[in-house]
Engineer: 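Just dropping this structure here.
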Amino acid sequence: MNFDTANQILKENMALPDAKFGQNFLCDDIITNRIVELAGLKNGDNVLEIGPGIGAITRPISNLDVNLKCVEIDRRLVDILRDSDIDAEIISADYLKLRDYGAEKIDVVVSNLPYYIMTDIMKKIFSECTNSRTLVFMVEQAALERILAIPETKQYGPLSVLCSLYGDVKKEFVVPFSAFIPMPHTTSCVISLRRTSGRIDSGFEGFVEKCFSMRRKRLMKNLADYDRTEVLEAFSKLDIDINCRAEELKPEQFLSLYELLNNLVLND
Ligand code: SAM
């Protein structure tokens with residue numbers, strides 16, 4: 001979708017971009033085609049797009065031999081998409097509240113993420129789309145620092161742990177401001193995440209969240225819901241200091257700790 005088409009759709013439908021929903025619509029075919037290419041779609045894939053907007057990424061994906069499901073919060077845009085010839089299931093909902101959408105069957109997730117809830121959307125994907133193989137997101141440059149953060153840094157947190165354990169995370173390219181209507185205030189870039197780990201249990205996201213719940217306190221304190229003896233045993237097995245804080249643990253240590261405390265074998 002180029003600038004003129006995007007403008008025309010918005011004007012014809014009197015749909016001014018709404019900042020409260022983080023609406024910055026892509027209007028550059030080169031960028032959208034690159035995003036679709038990065039998704040590496042195969043025939044028959046189940047694809048989820050969060051926030052399709054007026055369909056810039058949706059349309060080229062829907063032209064492929066895939067099953068595309070899109071979740072859009074803005075009713076005006078849902079109507080525009082449903083009235084168009086785009087071949088996709090358009091779900092009118094807030095993705096953060098959506099249940100029963102076949103998450104475990106999703107192979108690929110693509111989203112030009114609404115930045116105001118970027119982290120929450122990513123966490124929901126990690127905990128629910130447990131069999132996906134590729135995620136392609138447009139994110140704020142600032143968020144990328146949290147995504148790629150390493151232990152013992154200020155930026156390190158649940159999102160860094162979840163992304164790191166998912167697999168290979170790559171910053172693909174920076175997107176020029178001119179590729180959006182309206183232009184965003186911050187730099188945006190496209191990232192890809194390709195799964196290298198096995199399926200990660202859906203409860204893991206909540207566990208990591210709990211570990212970081214009081215960042216400055218000892219990890220032990222954040223795990224007060226668990227039996228203290230079991231926590232101490234697990235710490236000892238994994239060589240974790242009882243005085244350490246969550247930010248000192250490597251992503252793999254969180255997974256092993258979760259596995260031990262919940263008697264699970266996660267990484268098959
Ligand atoms: N994909 C389109 C594009 O690239 O042009 C639009 C991207 S725009 C940055 C973010 C989109 O997410 C908007 O269409 C917005 O209405 C939608 N959105 C915002 N919050 C949402 C939510 N909680 N659930 C589903 N969609 C949401």
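In this chain, residues are counted from 1 in sequence order. All heavy atoms count here, side chains included; hydrogens, waters and symmetry mates do not. What you see is a predicted model, and the numbers here were worked out from it, not measured in a lab. One-based numbering, in listed order, for ligands and for the atoms of each.
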Engineer: Answer yes when R34 and E172 have at least one side-chain N-carboxylate O distance shorter than 4.0 Å, and no when they do not.
Structural biologist: no
Engineer: Counting non-hydrogen protein atoms only, what is the nearest one to atom 20 (N) of ligand 1? Give residue, atom name and distance.
Structural biologist: Y116 OH, 2.9 Å
Engineer: At less than 4.0 angstrom from any non-hydrogen atom of Q23, what atoms of ligand 1 do you find?
Structural biologist: 13 (C), 15 (C), 16 (O)
Engineer: So, 4.0 Å and heavy atoms of E49: is ligand 1 close enough to count as a contact?
Structural biologist: yes
Engineer: Applying a strict 4.0 Å limit to heavy atoms, is A6 in contact with ligand 1?
Structural biologist: no
Engineer: For atom 24 (N) of ligand 1, grab the closest protein heavy atom and report residue, atom and distance to one decimal in Å.
Structural biologist: Y95 N, 2.9 Å
Engineer: Under 4.0 Å between a side-chain nitrogen and a carboxylate oxygen: does that hold for K42 and D65?
Structural biologist: no
Engineer: Which of the atoms of ligand 1 are close to A93, meaning less than 4.0 Å from one of its heavy atoms?
Structural biologist: 24 (N), 25 (C)
Engineer: Tell me the protein heavy atom at minimum distance from atom 8 (S) of ligand 1, and give that distance in Å.
Structural biologist: G22 O, 3.5 Å
Engineer: Which bit of I117 is near ligand 1, meaning a heavy atom under 4.0 Å away: side chain, backbone, both or neither?
Structural biologist: side chain
Engineer: Answer with yes or no whether the side chains of T186 and Y115 bring together a donor and an acceptor at under 3.5 Å.
Structural biologist: no
Engineer: Looking at A15, is its backbone amide N or carbonyl O close enough to the side chain of N13 to form a donor-acceptor pair, meaning the two atoms are under 3.5 Å apart?
Structural biologist: no
Engineer: When the ring planes of Y226 and F207 are compared, do they come out parallel, tilted or perpendicular, using 30° and 60° as the limits?
Structural biologist: perpendicular
Engineer: May I ask whether Y115 places a heavy atom under 4.0 Å from ligand 1?
Structural biologist: no
Engineer: Can you pull out the closest protein heavy atom to atom 6 (C) of ligand 1? Residue, atom name and distance to 0.1 Å, please.
Structural biologist: G51 O, 3.4 Å
Engineer: What is the closest protein heavy atom to atom 14 (O) of ligand 1, and at what distance does it sit?
Structural biologist: E72 OE1, 2.7 Å
Engineer: What protein heavy atom sits nearest atom 5 (O) of ligand 1, and how far off is it?
Structural biologist: L26 N, 2.8 Å
Engineer: Should the pair K124-D120 be classified as a salt bridge under the 4.0 Å nitrogen-to-oxygen rule?
Structural biologist: no
Engineer: Just which atoms of ligand 1 are under 4.0 Å from any heavy atom in V71?
Structural biologist: 25 (C), 26 (N)
Engineer: Using a 4.0 Å heavy-atom cut-off, say whether I121 meets ligand 1 through its side chain, its backbone, both or neither.
Structural biologist: neither
Engineer: Numbering the atoms of ligand 1 from 1, which are under 4.0 Å from a heavy atom of P52?
Structural biologist: 1 (N), 2 (C)
Engineer: Charged N to carboxylate O below 4.0 Å: is that the case for R216 and E247?
Structural biologist: yes
Engineer: So, does R82 use its side chain to make a donor-acceptor pair with the main chain of I90 at under 3.5 Å?
Structural biologist: yes
Engineer: State the SG-CE distance between C211 and M220, to the nearest 0.5 angstrom.
Structural biologist: 11.5 Å
Engineer: Checking F25 against F180 for the ring pair (Phe, Tyr, Trp, His ring centres under 6.0 Å) test, could you report, in this order, the C-alpha distance in whole Å, the side-chain angles of both residues, the deciding distance, and whether it holds?
Structural biologist: CA-CA 5 Å; F25 300 117; F180 300 92; 9.9 Å; no
Engineer: Who's the nearest protein heavy-atom neighbour of atom 23 (N) of ligand 1, and how far?
Structural biologist: D94 OD1, 2.8 Å
Engineer: What protein heavy atom lies closest to atom 21 (C) of ligand 1? Include the residue and the distance to one decimal.
Structural biologist: I73 CG2, 3.5 Å
Engineer: Please tell me if the side chains of I117 and Y95 come closer than 4.5 Å, counting only heavy atoms from C-beta onward.
Structural biologist: no
